[in-house]
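To start, the structure itself, in structure tokens.
Computed from heavy atoms alone, side chains included, the values below leave out hydrogens, waters and symmetry copies.
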Amino acid sequence: TEDHMEPDSKQISLSFRDQETQGDAVAIVRRNGGLIGICLSLLDDGDLEVFMTEGDARTFFVMLKEVLDAEDTSAP
């Protein structure tokens, strides 16, 4: 929990509905010292949490931004 986090740590979260399963989900992003953690969770099915270096997290951010900025070609 945030009460037990190191002084150089930060955590933010987003609750949303998974568009494939329609289940409740949460995304948590946190810094713990020099590592960045990303947790994705379907509340009825479990969690996936990974930790990466700040450099890898920046690369991941660029990849996510590239996908978000791409034109959606699925619309008729």
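Going from atom CG of L35 over to atom CG of N32 covers 7.0 Å, rounded to the nearest 0.5 Å.
Evaluation of the side chain to side chain donor-acceptor pair (under 3.5 Å) rule for T59 yields no partner, not counting sequence neighbours.
No more than 12 heavy atoms of other residues, nucleotides or ligands shown are found within 6.0 angstrom of CD on E20.
Linking Ile, Leu, Val, Met, Phe, Trp and Tyr whenever their side-chain heavy atoms come within less than 4.5 Å puts I36 and I12 in one cluster.
Side-chain contact between E54 and R31 is present, with heavy atoms from C-beta onward closer than 4.5 Å. Between D24 and F16 there is no side-chain heavy-atom pair separated by less than 4.5 Å.
When each of D69, V62, L68 is checked for a side chain to side chain contact (heavy atoms under 4.5 Å, CB included) with K65, only D69 meets the rule.
For the pair G33 and S9, the tightest heavy-atom approach, listed with the atom from each and the gap, is N-OG, 4.1 Å.
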Determine all donor-acceptor pairs shorter than 3.5 Å in which one atom belongs to a side chain in residues 43-53; sequence neighbours excluded.
| unit_1 | atom_1 | unit_2 | atom_2 | d |
| --- | --- | --- | --- | --- |
| D47 | OD1 | S41 | OG | 2.5 |
| E49 | OE2 | R30 | NE | 3.1 |
| E49 | OE2 | R30 | NH2 | 2.9 |
| T53 | OG1 | D56 | N | 3.1 |
| T53 | OG1 | D56 | OD2 | 3.4 |

